[in-house]
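The structure appears right after this line, and notes come after that.
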There are 2 protein chains.
Amino acid sequence: MEKNAALPIFEALSSGIRLDVFRLLVRVGPAGMVAGELSAALDVPPTNLSFHLKTLTHAGLVSAEQEGRFQRYRANMALMRELIAYLTEECCTGMPELCGVDACA
Amino acid sequence: MEKNAALPIFEALSSGIRLDVFRLLVRVGPAGMVAGELSAALDVPPTNLSFHLKTLTHAGLVSAEQEGRFQRYRANMALMRELIAYLTEECCTGMPELCGVDACA
DNA sequence: TCTACGTTTCAAGAGTTCTATAAGTATCAT
DNA sequence: ATGATACTTATAGAACTCTTGAAACGTAGA
């Protein structure tokens, strides 16, 4: 991953609402959630949530799929994987043991 | 790591300058760099850099040590490790294999 | 003590992001 | 078609972040 790709991801995760959205979407897994469900679950007005979902989608952290008149959102695990790899490689000088990463333990 | 701890870290990394500072500090390792060196290396005015260093320090990503009239900054690897663990646990539902983390490969 | 140096703090301005209300688009049921 | 539902976009104001220049602070050396 390039710095130019990592930056918008950090920007996207640097809001409490967006971090909540993403964590929730990760937790529900591949089923994802529809915008209205997210709005109710997190108690964020739909119009505001839409704004933040756009940021998350733009960063690629979340994908949107139309489902009738609903809009289903899902967390993008692949990108999260890439981000973790970026932090491990780029930010740990390519030496995972330097950061004590024990993701495989 | 708690969400309340992760959020300021994402905020801190969501600026190009701060991400550059952090990556550079990681690269130079335990030696760290003094403010003036960082300013010259990244071509950021001292006063602006100081502003960003404060954000990074506040988030805990960087530590500052006085050295005569210099201020030496170092990357906080331990926190980066915690962040990676947070992303792996919290954001990958505690199932690293779900994210395909291969930091140990 | 005086001056120079490295860095931070302060204050002001421009630019961005956030939130809310209102209006718009698309889908479904009748 | 009509009306209701689900969601997004537009717009505007408040709040925040960023950048800069000037001033202040602390340390070091003459």
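Residue numbers start from 1 in every chain, and the chains themselves are labelled A, B, ... in the order their sequence lines are given, proteins ahead of strands. All of these numbers come straight from a predicted model, not from anything done at the bench.
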Quick test: give all pairs of protein nitrogen or oxygen and nucleotides 25-30 of chain D nitrogen or oxygen below 3.5 Å, distance rounded to 0.1 Å.
unit_1	atom_1	unit_2	atom_2	d
D/dA28	O4'	B/R69	NE	3.4

For the student: nearest non-hydrogen atoms of [X] and [Y], plus distance:
{"X": "A/L61", "Y": "A/A12", "value": "CD1-CB, 3.8 Å"}
{"X": "B/M1", "Y": "B/Y86", "value": "O-CD1, 3.4 Å"}
{"X": "A/R18", "Y": "A/L56", "value": "O-CD1, 3.9 Å"}
{"X": "A/R72", "Y": "A/G32", "value": "NH1-O, 3.4 Å"}

In whole angstrom, what separates [X]'s [atom1] from [N]'s [atom2]?
{"X": "B/E37", "N": "C/dT7", "atom1": "CD", "atom2": "C1'", "value": "14 Å"}
{"X": "B/H58", "N": "D/dT17", "atom1": "NE2", "atom2": "P", "value": "12 Å"}
{"X": "A/E11", "N": "D/dC16", "atom1": "CD", "atom2": "P", "value": "19 Å"}
{"X": "B/E65", "N": "C/dG6", "atom1": "CD", "atom2": "P", "value": "18 Å"}
{"X": "A/L42", "N": "C/dT19", "atom1": "CG", "atom2": "P", "value": "13 Å"}
{"X": "B/N48", "N": "C/dG13", "atom1": "CG", "atom2": "P", "value": "18 Å"}
{"X": "A/L7", "N": "C/dT17", "atom1": "CG", "atom2": "P", "value": "11 Å"}
{"X": "B/K54", "N": "D/dC18", "atom1": "NZ", "atom2": "P", "value": "12 Å"}

Say you draw a straight line from CG of B/D20 to CG of B/D43; how long is it, rounded to the nearest 0.5 Å?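 CG of B/D43 is found 11.0 Å from CG of B/D20.
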When you check the phosphate oxygens OP1 and OP2 of C/dT17, does a side-chain N or O of A/H52 lie under 4.0 Å from one of them?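 No, no such contact exists.
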Distance below 4.0 Å between A/Y73 side-chain N/O and D/dT8 OP1 or OP2: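 For D/dT8, OP1 or OP2 has a side-chain N or O of A/Y73 closer than 4.0 Å.
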Is the number of heavy atoms from other residues, nucleotides or ligands within 6.0 Å of CD (A/E2) greater than 12? no
Under 4.0 Å between any heavy atoms, over every strand shown, what does B/I17 touch: base, sugar-phosphate, or nothing? Just pick one.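 If one applies the 4.0 Å heavy-atom cut-off, B/I17 turns out to touch the sugar-phosphate alone, with no base involved.
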What does A/R18 touch in the nucleic acid at a heavy-atom separation under 4.0 angstrom: a base, only the sugar-phosphate, or nothing? sugar-phosphate
Check every atom of [options] against the side chain of [X] and return the nucleotide holding the closest atom.
{"X": "A/F51", "options": "D/dT8, C/dT17, D/dT9", "value": "C/dT17"}
{"X": "A/V34", "options": "D/dC18, D/dC7, C/dT8", "value": "D/dC7"}
{"X": "A/T47", "options": "D/dT8, D/dT9, C/dT8", "value": "D/dT9"}

For the residue pair A/Q71 and A/E65, establish whether any side-chain heavy-atom pair is separated by less than 4.5 Å. no
